[in-house]
Amino acid sequence: MAEKHYDPHAIEPKWQAVWERDRLYSVVEDDERPKKYVLEMFPYPSGDIHMGHVRNYSIGDVVARYYTMRGYNVLHPIGWDAFGLPAENAAIKSGTHPAEWTYANIDKQAASFKRMGFSYDWDRIVKTCDPEYYRWGQWIFLKFWERGLVERKSSPVNWCPSCKTVLANEQVIGDGVCWRCKSVVEKRELEQWFFKITAYAQELLDDLQKLPGWPERVKTMQANWIGRSEGAEVDFTLCDADGTPTDRRITVFTTRPDTLFGCTFFLLAPEHPLVDELVAGTEFEPAVRSVVEAAARESAIERQSGEARKIGAFIGRYVVNPVNGEKVPVWVANYVLMEYGTGAVMAVPCGDQRDFEFARQYGLPIPPVVVADDDALLDKLRGEGGRLIDDVPWDAAYDGPGVMVQSGEFTGMRGGKGSEGSKAVTAWLEERGLGRPAVNFRLRDWLISRQRYWGNPIPAIHCDRCGLVPVPEEELPVVLPMDVDITKGETLADHPEFYRVTCPRCGGAARRETDTMDTFTCSSWYYLRYCDARNDEEIFDKEKAAYWMPVDQYIGGIEHAILHLLYSRFFTKVFRDMGLVGFDEPFTNLLTQGMVKKDGETMSKSKGNVVAPEEMIARFGADALRAYILFMAPPDKDLEWSQEGLEGIYRFLNRVWRYVCDVYEQPGSAASGGSRADALERQRHRVIGKVTEDVERFQFNTALAAMMELLNAASEYRRDVPAEERDGEAEKRVARTLVLLLAPYAPHMAEELWHEVLGESESVHRQPWPEWDPELARAREVEYAVQVNGKVRGRVTLPADASAEQVEAAARELPKVAELLDRGEVVKVVVVPGKLVSFVVRG
RNA sequence: GCCCGGGUGGCGGAACUGGCAGACGCGUCGGUCUCAAAAACCGAUGGCCGAAAGGUCGUGCGGGUUCGAUUCCCGCCCCGGGCACCA
């Protein structure tokens with residue numbers, strides 16, 4: 001018989017050892033049972049675990065344990081996203097090698113996860129810094145290369161001066177700062193490696209519709225990030241210095257071809273190569289130069305703040321507007337982005353706020369071409385195809401739908417985004433070879449090279465004769481050398497033993513690529529590796545992946561709404577096209593958990609408000625900590641840490657413990673227990689139903705509340721009814737139910753009670769989920785609220801199957817109600833079955 | 001500026017599909033036990049008026065629909081997040 005006293009510090013290590021010895025959570029493919037793949041985003045081995053980890057992995061653990069009890073074959077793996085900059089920073093600070101620091105932290109975190117009692121299949125562990133793992137990342141790189149998805153190109157890239165490396169666009173967040181260190185990033189023109197994620201832009205957007213199990217807000221963020229725009233490309237003819245049209249064309253992208261007649265100037269980005277070419281040696285050069293230089297000096301913040309002053313200069317050339325043959329001046333302007341579209345823009349000041357401001361600033365004409373239906377200008381311009389008016393009495397551009405005016409043969413048509421007029425103008429241009437329908441995306445290619453040491457080496461070789469040469473597949477992995485002294489600021493580029501190679505193609509002297517891959521490449525496919533983690537023949541066995549994938553439930557932080565989740569979707573689609581997997585999307589359902597806060601702020605060392613999970617385990621045990629973090633709030637909301645709340649849950653676990661022990665030591669003795677025992681049994685069924693429903697919609701807080709209610713009711717029954725009148729079997733059913741329902745939340749305590757008090761021999765975590773009968777759960781009697789003119793004036797208790805007439809009659813008999821009804825005329829009676837009666841009285 | 005979330009007691013949070021607002025927990029107050037304290041147990045606990053019965057107000061603010069609104073509609077305010085010169 002168990003100790004009467006609940007002692008988490010004795011039972012938790014005991015069961016952790018048993019589970020590990022029995023490999024309780026190790027799984028293999030099994031066609032007899034339906035599978036569930038429950039996955040939490042794997043951690044970065046930063047050191048001690050924090051409350052965010054506790055929350056993330058507790059949620060996943062409850063889900064995994066629940067589905068196991070429901071009879072599913074559940075895959076629930078863990079691993080470490082182990083490459084990355086903090087290891088290098090730690091190395092510089094303390095002199096330990098990044099590898100040493102990383103592996104020590106992994107061991108530390110793994111020990112903490114075991115102390116938390118998480119049900120991981122430890123046989124499938126993955127560490128991305130192991131050559132056995134990263135070699136497949138290199139293999140992926142080669143396969144992407146074969147498929148034309150790898151590109152090395154020069155472009156303006158984001159440079160983090162603090163991390164001393166380039167960053168992908170997704171990794172520049174907020175006001176132009178680095179996602180990791182929050183430093184302001186700089187723009188640099190560099191030659192870098194890219195993955196061509198834009199080749200999948202349309203599909204990444206379309207397939208969001210295949211994800212009903214994802215939060216709307218994540219899908220919206222991704223859709224905005226991809227940023228699809230529909231419109232047209234329009235070719236403008238460049239004139240020579242004398243104003244004579246040449247045969248050179250400059251193409252622009254526009255979403256508003258219907259406004260082409262309102263184009264009164266033409267803009268080039270400061271970085272546009274034509275600027276230099278066209279202006280060199282002319283009288284316009286000094287003014288243009290100063291604009292270009294001013295633009296280059298603008299920081300990311302200034303440029304993105306929207307308040308940056310618009311500046312520009314005429315470059316002395318003209319282009320011909322294809323739709324009306326008009327010559328319009330070409331300007332350089334700082335608000336035109338080289339990275340979007342073609343780096344050239346047709347300016348329509350009446351319809352675009354930026355162009356409007358620019359025109360006003362430099363005194364350029366603003367002829368209206370699309371006017372709102374209620375605009376006074378319409379009276380004057382309706383049906384006017386020519387240019388009657390050259391300015392507008394507006395103080396802002398109008399970009400809404402309206403009537404086309406001063407637009408030649410298109411005058412009178414509906415204008416606006418995607419309008420009839422837009423389509424007509426595009427068709428007209430296409431017939432004459434001057435334009436065509438086009439789609440543009442905001443999404444850019446994924447810059448994957450990093451100028452850092454602690455990462456996966458890019459398997460490529462630079463040969464003076466052969467150019468860029470992939471490392472042959474059979475030479476993988478390109479092993480990251482361990483003898484790089486990071487404390488001296490060394491990288492692979494300082495390591496001749498690493499980069500001096502012979503070219504695999506011509507055998508001549510060549511130089512190995514010394515950049516490493518973005519760590520997000522490591523985390524874009526780890527969920528597939530879990531399906532077959534120990535395979536050293538191939539990336540994973542297709543059959544095994546086909547069995548487990550896709551991930552049925554993915555759980556992680558909202559901060560990856562774009563980054564990791566977009567990259568993983570991209571990898572999955574490429575893998576599908578390679579024939580490795582047979583599905584489009586890796587994560588069927590996604591749960592984004594909220595942050596754990598203290599005093600309204602995120603916990604951080606610098607704020608000194610960190611609550612260490614290990615300390616809480618030491619005081620109250622892992623079970624209490626797990627249950628508490630789930631009880632505090634629904635998982636997707638931020639939660640506020642409070643020590644007192646944890647003590648409350650600890651008390652609850654103690655009460656469960658005592659109740660179960662008491663019931664099994666001294667059960668009631670009556671053969672059948674009468675109405676109170678019936679009511680208790682009814683509640684037991686109801687609570688099982690409630691807890692089941694709540695786990696499935698991730699309302700762990702209300703599931704625990706329901707268990708508390710059951711315990712409260714059972715305790716009152718025990719307190720109020722003497723032993724000889726109590727139904728001992730009913731009490732034992734409640735105790736057993738509580739143990740089973742609590743097993744996913746407090747796995748150690750449940751296991752201890754299951755074995756030592758209930759006397760069972762098989763693990764509680766292998767038991768079927770308790771069954772319930774909705775029929776038995778239904779109440780026999782219902783209390784009706786009786787309202788008169790919307791206010792509750794009395795209550796009646798009636799059998800659950802009472803008819804509306806019976807309910808109304810009973811309500812009318814209440815003295816207070818009768819009195820109120822007598823005061824006037826009853827004009828309406830509403831009976832809501834099982835809930836209330838409402839009388840409407842006039843008079 | 002645009003797009004998403006969210007505003008409910010002293011606190012964390014409940015409330016199915018429009019049906020008794022505040023489940024459950026914390027805290028607080030009172031009590032039992034104790035020489036005392038802790039623990040445990042019992043009871044009270046949205047505001048205001050009232051000795052009580054009861055009344056009345058109350059889910060960010062202002063309107064509306066309805067017998068009935070935390071829930072639906074319109075207009076605002078505040079907080080959090082995302083995007084932001086994307087043509």
Side-chain angles (χ1 to χ4, degrees), chain A residues 173-176 215-225 227-229 231 252-256 259 267 269 303-310 333-337 339-348 351-355 357-358 399 440-444 558-559 561-562 594-595 600 628 631-634 636-649 651-652 654-655 658 693 699 701-709 711-712 715 719 783-795 816 826-842:
Chain A
I173 56 164
D175 296 322
E216 221 42 58
R217 131 180 123 107
V218 174
K219 288 189 278 186
T220 306
M221 281 167 73
Q222 290 212 358
N224 290 341
W225 186 261
R228 184 183 197 272
S229 293
V252 297
F253 172 75
T254 178
T255 56
R256 295 293 304 277
T259 63
L267 300 170
R303 188 144 184 181
Q304 286 178 5
S305 69
E307 285 154 27
R309 230 171 281 109
K310 290 178 174 48
N334 65 336
Y335 69 93
V336 178
L337 305 173
E339 304 94 89
Y340 186 78
T342 61
V345 170
M346 63 178 232
V348 182
D352 182 286
Q353 186 57 27
R354 297 157 299 181
D355 299 340
E357 287 167 23
F358 193 81
D399 63 3
N440 233 291
F441 292 94
R442 184 185 169 282
L443 182 72
R444 314 284 159 72
I558 186 75
E559 66 273 17
I562 293 168
M595 288 182 297
Y628 173 60
F631 180 66
M632 286 301 283
D636 54 326
K637 283 197 185 171
D638 288 353
L639 69 75
E640 172 69 28
W641 179 264
S642 111
Q643 171 94 34
E644 293 76 25
L646 176 56
E647 286 163 22
I649 285 285
R651 275 201 285 274
F652 166 65
N654 269 288
R655 292 183 60 215
R658 244 175 295 129
E693 192 182 290
Q699 298 282 323
N701 54 335
T702 50
L704 281 158
M707 292 182 228
M708 290 172 181
E709 285 180 81
L711 177 68
N712 289 347
S715 301
R719 186 187 74 208
E783 188 185 62
Y784 281 83
V786 182
Q787 293 183 346
V788 179
N789 288 342
K791 289 193 172 147
V792 179
R793 299 295 182 176
R795 295 163 192 287
K816 179 126 201 191
V826 177
V827 293
K828 189 168 184 178
V829 181
V830 181
V831 176
V832 182
K835 300 277 182 187
L836 56 70
V837 190
S838 181
F839 293 100
V840 186
V841 180
R842 196 166 50 206

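Every chain is numbered from 1 and lettered A, B, ... according to where its sequence line falls, protein lines coming before strand lines.
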If you compare every side-chain N and O of [X] against the phosphate oxygens of [N] (OP1, OP2), does one of them come in below 4.0 Å?
X        : N     : result
A/Arg228 : B/C86 : no
A/Ser229 : B/A87 : yes
A/Lys791 : B/G19 : no
A/Asn712 : B/A23 : no

Checking base pairs now: Watson-Crick or wobble, both atom distances under 3.5 Å. What partners [N]?
N     : result
B/G1  : B/C83
B/A52 : none
B/C26 : B/G10
B/U59 : none
B/U32 : B/A40
B/G19 : B/C67

Touch class at under 4.0 angstrom, heavy-atom based, for [X] against every strand present:
X        : result
A/Gln787 : base
A/Asn701 : sugar-phosphate
A/Asp355 : nothing
A/Asp638 : sugar-phosphate
A/Glu783 : base
A/Gly648 : sugar-phosphate
A/Ser838 : base
A/Lys219 : nothing

Between [N] and [X], counting only base atoms on the nucleotide and side-chain atoms on the residue, is there a donor-acceptor pair under 3.5 Å?
X        : N     : answer
A/Arg444 : B/C86 : yes
A/Arg256 : B/A87 : no
A/Lys835 : B/C20 : no

Separation of atom [atom1] in [X] from atom [atom2] in [N], rounded to whole Å:
X        : N     : atom1 : atom2 : answer
A/Ile649 : B/C26 : CD1   : P     : 8 Å
A/Glu647 : B/G25 : CD    : C1'   : 13 Å
A/Arg354 : B/G1  : CZ    : C1'   : 13 Å
A/Leu639 : B/C11 : CG    : P     : 17 Å
A/Met632 : B/C11 : CE    : C1'   : 9 Å
A/Lys828 : B/U66 : NZ    : C1'   : 8 Å
A/Lys310 : B/A87 : NZ    : C1'   : 12 Å
A/Glu640 : B/C79 : CD    : P     : 19 Å

Of the nucleotides [options], which has the atom closest to the [X] side chain?
X        : options             : answer
A/Arg655 : B/C24, B/C41, B/U56 : B/C41
A/Arg442 : B/A84, B/G27, B/A87 : B/A84
A/Arg651 : B/A87, B/G12, B/A40 : B/A40
A/Gln699 : B/G25, B/A14, B/C20 : B/A14
A/Thr702 : B/A23, B/A87, B/C4  : B/A23
A/Pro634 : B/C24, B/U56, B/G13 : B/G13
A/Arg793 : B/C24, B/G55, B/G27 : B/G55
A/Leu836 : B/C57, B/C20, B/G13 : B/C20
A/Arg719 : B/C42, B/G25, B/A40 : B/C42
A/Thr220 : B/C3, B/A87, B/C24  : B/C3

Euclidean distance for [atom1], [N] against [M] (whole angstrom):
N     : M     : atom1 : value
B/C24 : B/C61 : C1'   : 30 Å
B/G27 : B/G64 : C1'   : 40 Å
B/A14 : B/A40 : P     : 26 Å
B/C73 : B/G22 : P     : 25 Å
B/C41 : B/G46 : C1'   : 27 Å
B/G19 : B/G68 : C1'   : 7 Å
B/G81 : B/A87 : C1'   : 27 Å
B/G47 : B/G58 : P     : 16 Å

Open item on the list: Let me spell it out: for each of A/Phe839 and A/Ala344, pick the nucleotide of RNA chain B with the closest heavy atom. Which residue's pick is nearer the 5' end?
Closed with: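 Mapping each residue to its closest nucleotide by heavy atoms, the 5'-most match is A/Phe839.
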- [ ] Hey, which sits more toward the 5' end of RNA chain B by its nearest nucleotide, A/Val792 or A/Ala706?
- [x] A/Val792
Are side-chain heavy atoms of [X] and [Y] found at a separation under 4.5 Å?
X        : Y        : value
A/Thr255 : A/Asn440 : no
A/Lys310 : A/Asn334 : yes
A/Tyr628 : A/Leu704 : no
A/Arg256 : A/Val348 : no

Are the side chain of [X] and the backbone N or O of [Y] linked by a donor-acceptor pair below 3.5 Å?
X        : Y        : answer
A/Tyr784 : A/Gly834 : yes
A/Asp638 : A/Met595 : yes
A/Arg217 : A/Ala561 : no

Open item on the list: So which atom in A/Leu639 and which in A/Ala633 form the shortest heavy-atom distance, rounded to 0.1 Å?
Closed with: CB-CB, 3.9 Å
TODO: Give the intermediate values and the outcome of side-chain contact (heavy atoms from CB on, under 4.5 Å) for residues A/Asn789 and A/Val840.
DONE: CA-CA 5 Å; A/Asn789 288 342; A/Val840 186; 4.0 Å; yes
Open item on the list: Between A/Glu357 and A/Arg354, does any NZ, NE, NH1 or NH2 come within less than 4.0 Å of an OD or OE carboxylate oxygen?
Closed with: no
TODO: Enter syn or anti for the glycosidic conformation of B/G47, syn applying to angles within 90° of 0.
DONE: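 That one's anti.
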